[in-house]
Amino acid sequence: FSEYTVMHVGCVAKIDPEAPLDKVCVLSCGISTGLGATINVAKPRKGSTVAIFGLGAVGLAAAEGARISGASRIIGIDLNPNRFEEAKKFGCTEFINPKDHDKPVQQVLAEMTNGGVDRSVECTGNIHAMIQAFECVHDGWGVAVLVGVPHKDAEFKTHPMNFLNERTLKGTFFGNYKPRTDLPNVVEMYMKKELEV
């Protein structure tokens, strides 16, 4: 709401002057973070299965990234079922509310997908969701990407066999986008109606 803002030159990106600022302003943080976490870091192949943990703004953008990548199944996981309907607009095809199951979510996902999802993106910052996101990916090729920021004292605990079975765990900040050079391209995706915001 300021009339003037002082910014570091590294944080300023020149975008299409026709872009509506009231819409594209959200691309500068959460949307790019979720979108990039999927497209740039998880890199799902066409036809793959992707689990998105947390269906807030960042999670919806991660789901959008999976849709753009051509994932055939995008499973949204959230404790709030009121988010499910909106998430369909961003590509989610199925939903899980952990409260509806007596077993761990990673087990539910493994049963739904014949052994685990190809990719998962965690957008909650909850350490338990982070562990579930890693443990729900398939042995041999599954990749889990952590986006949320956990409590500073949180500890990530899992069985070493999860790594030895060739699961991959990655983290990202800002979806591995470089603001100055990559944000204008994200704005262009929005302008071409390739990106739901």
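Under the 3.5 Å distance criterion, the side-chain polar atoms of T38 are left unmatched by any main-chain donor or acceptor of G65. For T33 (side chain) and C29 (main-chain N/O), a donor-acceptor pair under 3.5 Å exists by modelled atom type. At least one donor-acceptor pair closer than 3.5 Å links the side chain of H8 to the backbone N or O of G10. With hydrogens and angles disregarded, no donor-acceptor distance shorter than 3.5 Å links the side chain of S120 to the backbone of V137. The main-chain N or O of E135 is never found under 3.5 Å from a side-chain atom of N162 such that the two would form a donor-acceptor pair. Using modelled atom types, one side-chain atom of S28 and one backbone atom of C25 make a donor-acceptor pair closer than 3.5 Å.
Applying the ring pair (Phe, Tyr, Trp, His ring centres under 6.0 Å) definition to pairs two or more places apart or across chains, none involves residues 21-76. Screening residues 57-70 for side-chain hydrogen bond (donor to acceptor under 3.5 Å, both in side chains), with sequence neighbours left out, gives E64-R67.
With rounding to the nearest 0.5 angstrom, the CD atom of Q106 is 8.0 Å from the CG atom of L109. Between the CD atom in E188 and the CD atom in E194 there is a gap of 9.0 Å [rounded to 0.5 Å]. Residue L55 holds its CG atom at 9.0 Å from CG of N80, rounded to the nearest 0.5 Å.
Annotation: ring-ring contact (aromatic ring centres under 6.0 Å, His included) contacts of Y190 (sequence neighbours excluded): none. Shown here are the side-chain hydrogen bond (donor to acceptor under 3.5 Å, both in side chains) partners of T124, two or more places apart in sequence or in another chain: E122. Judged as a ring-ring contact (aromatic ring centres under 6.0 Å, His included), and not counting sequence neighbours, the contacts of F163 are F134.
Screening V117, I131, V108 against C136 for a side-chain contact (heavy atoms from CB on, under 4.5 Å) leaves a single residue, V117.
Salt bridge status for R45 with D118: absent, with no side-chain N to carboxylate O gap under 4.0 Å.
The other members of the hydrophobic cluster of L164, by chain and number, are M161 (side-chain heavy atoms under 4.5 Å, ILVMFWY only).
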